[in-house]
Amino acid sequence: MRSPFSLKQEFLKKWILGLQRCRSSKKNMSIFERKKVIKLSADVAMASARKGTTCWSRALIADAVKEGNADKHLAEKILGPASERQPTEKVPVGAMAYNKRIRSKKILKRSSVIRRTIKCAPQAARPSSIVKTLVGKRRQILRSLIPGGEFMNGVSLIEETLDYIISLRAQVDVMRSLASASKLVNLN
C-alpha cells in the first residue's frame, strides 16, 4: 500500500488539474454548479489517484463517465482526453471466476434454505440466526455505501472499505489544509 503522503500529493495534483479544466470551460457558474464540480472533481481525482487498482475506484470512474449520466461531459473534462488516461489494472480472470463460483454457491444455498423453511414448522428464532441476519443487513448497508460494493464478496468488501476510508480521509485532510491555507491568504 502506498504512503498517505504520496496519495495526498497525487490527489491534490489531479484535483487541481480537474478544477482548472472545469474552470476554463465555463467562467460564470452558480453556487450549485460549483459545488457539483468540486464534488465530482474530488471523487474522480481520488479514484484516478488510485490508478484503478481498487474496485471502488474503477466503479466511481465508470459511473462518472457512463452513457446517460448528466455529468459525463464534466467527468471527461476532469479526467482529460482518453489518450491521457492511464489504463486501469484489470482484475485477473481467475479471481472473477472464483467470485462467480462463490456467488453461485450462495444462490444455491439460499434456495435450499428457502425450501427447508417452507417444509419445517416455524420455531423460535435461534441467537445464531439473529446474528447472521443482522450481519447480513449490515453487509448490505456497507455494500450500498462503497462504490461497486454490490459486486463484492465479504472479504473483498472489507478490504475495499478500508482502502476507501483511507482515501476519503486523505481527501478530507487535503481539503482542510487547502481551506486553512486559503483563509491565511485571505487574512493577509
Side-chain angles (χ1 to χ4, degrees), residues 1-15 39-69 71 75 78-79 85-120 123-176:
M1 186 171 209
R2 73 203 275 204
S3 74
F5 181 74
S6 68
L7 181 64
K8 288 176 187 179
Q9 263 188 324
E10 186 74 18
F11 164 70
L12 182 61
K13 185 172 71 173
K14 290 180 182 283
W15 188 40
K39 183 183 179 340
L40 184 66
S41 62
D43 286 346
V44 170
M46 184 53 69
S48 63
R50 299 298 293 147
K51 295 181 175 56
T53 58
T54 58
C55 291
W56 67 262
S57 63
R58 289 189 302 269
L60 213 93
I61 290 173
D63 190 44
V65 297
K66 75 179 176 187
E67 291 297 324
N69 187 357
D71 301 327
I78 293 167
L79 286 168
R85 294 183 209 158
Q86 293 179 345
T88 58
E89 294 178 14
K90 299 290 182 185
V91 177
V93 176
M96 287 175 57
Y98 177 73
N99 287 341
K100 284 182 182 179
R101 257 186 275 134
I102 289 175
R103 237 180 279 140
S104 309
K105 287 181 181 179
K106 285 181 181 178
I107 292 169
L108 236 136
K109 190 176 180 181
R110 269 190 238 134
S111 65
S112 64
V113 168
I114 292 170
R115 274 189 248 127
R116 261 190 262 133
T117 55
I118 293 171
K119 289 179 184 177
C120 300
Q123 298 174 356
R126 294 181 180 160
S128 63
S129 66
I130 293 172
V131 169
K132 284 182 182 178
T133 304
L134 288 174
V135 168
K137 286 180 182 177
R138 289 185 178 166
R139 189 181 302 131
Q140 281 304 111
I141 292 169
L142 189 58
R143 280 190 173 125
S144 68
L145 293 173
I146 306 299
E150 59 273 1
F151 305 112
M152 295 179 212
N153 64 14
V155 175
S156 61
L157 181 65
I158 298 296
E159 290 172 351
E160 291 284 328
T161 302
L162 291 173
D163 188 69
Y164 189 55
I165 290 169
I166 290 168
S167 297
L168 287 175
R169 276 196 181 150
Q171 188 177 21
V172 168
D173 289 345
V174 167
M175 289 178 163
R176 278 189 182 150

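These figures come from a predicted structure and were not determined experimentally.
Across all non-hydrogen atoms, the minimal contact from R139 to L157 is CG-CD2, 3.6 Å. Among all heavy-atom pairs drawn from T53 and R58, the shortest one is C-NH1, 3.7 Å. Of all heavy-atom pairs spanning L7 and M46, the tightest one is CD1-SD, 4.3 Å. The nearest pair of heavy atoms linking E10 to A49 is CG-CB, 3.6 Å. The two residues R143 and G149 make their nearest non-hydrogen contact at CG-O, 3.2 Å. Annotation for M152 and C55: closest pair CE-CB, 3.7 Å, computed over non-hydrogen atoms.
To the nearest 0.5 angstrom, K8 atom NZ is 13.0 Å from M175 atom CE. In this structure, I158 CD1 and N153 CG are separated by 10.0 Å, a value rounded to the nearest 0.5 Å. To the nearest 0.5 angstrom, R176 atom CZ is 10.5 Å from R169 atom CZ.
The side-chain contact (heavy atoms from CB on, under 4.5 Å) check on A47 picks up W56, S57, L60, I61, with sequence neighbours excluded. Taking K39 as the reference, D43 meet the side-chain hydrogen bond (donor to acceptor under 3.5 Å, both in side chains) condition, with sequence neighbours excluded. With sequence neighbours excluded, the residues forming a side-chain contact (heavy atoms from CB on, under 4.5 Å) with A59 are P147, listed by chain and number. Applying the side-chain hydrogen bond (donor to acceptor under 3.5 Å, both in side chains) criterion to Q9, with sequence neighbours excluded, gives no partner residue. Remark: K66 pairs with D63 by the salt bridge (Lys or Arg N to Asp or Glu O under 4.0 Å) rule, at least two apart or across chains. Residues passing the side-chain contact (heavy atoms from CB on, under 4.5 Å) test with L12 are W15, I16, V174, sequence neighbours excluded.
The closest side-chain heavy-atom distance from V155 to E159 is below 4.5 Å. Counting heavy atoms from C-beta outward, L168 and Q171 have side chains that approach closer than 4.5 Å.
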